[in-house]
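First comes the structure, then the notes that go with it.
Computed from a predicted model, the values in this text were never measured in an experiment. Side chains included, hydrogens not; waters and symmetry mates left out as well; all remaining heavy atoms used. Both counts, for ligands and for their atoms, begin at 1 and track the order of listing.
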Amino acid sequence: MKKSYKLALALSISSLLIASCSSDSSENTDGKLSVIAAFYPIEFVVSAIGGDLVSIENMTPPGVEPHDLELTASQVTRLSQVDLLFSIKGFQPALDEAATQSPPGEVIDLLTIDGLNLLQATEDSDSHGDEEEGHSDEEEGHSDEEEGHGDEEMINDPHFWLDPKRLVVVANAVAAKFSAIDADNAQTYESNRSAFVEKLELLDQEYVTGLQSCERRMIVTSHAAFGYLASAYNLEQEAIAGLSPDAEPTPKRLNEISKEAKADGTTTIFFETLASPKLAKTLADDLKIKAAVLDPVEGVGEGQTYFSVMESNLSALRAALSCK
Ligand SMILES: [Zn+2]
């Protein structure tokens with residue numbers, strides 16, 4: 001009797017030891033590296049590189065606008081059980097907080113990857129705030145009542161995946177990370193990387209060619225997700241909302257966009273599938289022009305991928321800008 005009790009105790013201690021070791025080690029019990037991706041474009045790049053060697057979960061359920069992510073208690077617990085979390089710090093505050101409470105083996109903030117060449121933007125919806133009345137502080141002493149021109153905080157624009165070349169930089173970094181942790185499979189990660197990068201480079205070429213000669217270069221978007229795309233292909237973005245779809249514009253800002261759209265001869269106001277299209281559609285109605293989808297690829301629908309959505313985006317841009 002006494003003996004079997006001891007045996008049981010020994011077994012439970014050893015299973016505790018195994019459990020605590022496995023959460024420290026770089027691999028799960030099934031031998032695969034376990035990874036959580038914060039939302040779709042991250043899941044897409046991590047899966048492309050990791051293939052079957054990595055077990056990947058997406059923290060943002062389908063149909064959810066990832067900026068607004070809220071986590072369940074079980075999702076928070078799950079975080080502490082995986083080897084790696086790939087996320088974008090500041091993009092999903094709920095996830096940042098959960099990763100502090102319930103830390104995974106390692107957190108990789110994609111914005112810290114070398115060579116990404118991040119763009120800065122204000123959190124305010126008015127992305128051109130500084131150009132105009134940006135120096136009101138000395139003049140009229142009531143700067144706080146207005147939209148705080150001039151003292152807005154500049155933050156890193158997180159939407160780098162909308163420039164395929166920046167996604168190449170991320171793919172390279174993810175491959176280097178997996179190869180460092182799991183050197184035995186380095187060759188597989190490298191061949192996955194190279195096939196993926198080739199596709200991204202083709203996509204980039206299609207954009208370069210497709211947007212080369214267009215009658216207009218201004219795009220009116222729903223939220224300011226297309227800064228990298230605009231910068232990569234020499235377009236100019238006027239966003240209705242800010243870096244987050246929640247950052248709604250002032251009536252003054254809407255009025256400005258409306259004037260600029262008229263002056264430019266804009267044919268289309270773009271809206272999104274996951275965020276509310278209301279403001280974009282109202283603006284299009286007011287201007288008596290079209291509203292069409294330009295998708296920030298923050299999540300995809302059934303059967304879609306980053307590549308298929310980016311192809312649709314290119315067609316939508318070419319139509320709206322009258323490109324040859
Ligand atoms: Zn966004």
Side-chain angles (χ1 to χ4, degrees), residues 37-46 58-71 86-97 109-113 116-129 152-167 169-170 219-233 235-249 253 257 269-281 283 291-301 304-306 309-310 312-314 316-317:
F39 62 105
Y40 176 74
I42 303 180
E43 180 197 14
F44 184 68
V45 62
V46 169
N58 182 347
M59 214 52 165
T60 306
V64 169
E65 213 301 314
H67 286 273
D68 303 335
L69 179 69
E70 284 172 21
L71 300 173
F86 288 96
S87 63
I88 293 180
K89 214 171 165 206
F91 187 77
Q92 295 168 295
L95 181 57
D96 293 343
E97 200 191 314
D109 172 9
L110 297 183
L111 296 187
T112 63
I113 291 172
L116 255 191
N117 189 19
L118 294 171
L119 298 176
Q120 302 273 301
T122 58
E123 248 178 317
D124 190 333
S125 59
D126 185 351
S127 55
H128 297 275
E152 289 148 357
E153 203 190 341
M154 297 297 283
I155 62 163
N156 288 323
D157 180 349
H159 303 91
F160 60 76
W161 61 88
L162 289 160
D163 172 6
K165 281 189 160 166
R166 281 179 167 93
L167 204 51
V169 174
V170 173
I219 53 174
V220 181
T221 67
S222 181
H223 85 285
F226 298 90
Y228 290 97
L229 189 146
S231 149
Y233 305 108
L235 303 176
E236 191 199 332
Q237 172 180 241
E238 288 295 340
I240 297 172
L243 281 179
S244 156
D246 293 340
E248 292 204 346
R253 172 67 185 146
I257 297 177
I269 305 291
F270 288 115
F271 65 95
E272 298 169 16
T273 48
L274 292 179
S276 164
K278 206 174 140 219
L279 279 173
K281 287 190 167 165
L283 185 59
V293 171
L294 188 64
D295 194 319
V297 211
E298 293 181 349
V300 293
Q304 292 178 320
T305 67
Y306 172 83
V309 177
M310 288 297 278
S312 308
N313 281 347
L314 179 57
L317 288 167

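The heavy-atom pair separating Ile88 from Asp109 by the smallest distance is CA-OD1, 3.7 Å. Taking all atoms of both residues into account, the shortest heavy-atom contact from Ser87 to Leu95 is CB-CD2, 4.1 Å.
The backbone N or O of Leu119 sits less than 3.5 Å from a side-chain atom of Tyr228, completing a donor-acceptor pair. Panel note: side chain Glu272, backbone His223; a donor-acceptor pair is recorded below 3.5 Å.
The pair Arg253-Glu238 counts as a salt bridge, with a side-chain nitrogen and a carboxylate oxygen less than 4.0 angstrom apart.
Among protein atoms, those of element N, O or S found less than 2.8 Å away from the Zn ion (ligand 1) are His67 NE2, His159 NE2, His223 NE2, Glu298 OE2.
Taking the side chain as every heavy atom from C-beta outward, Met59 and Phe39 never approach each other to under 4.5 Å.
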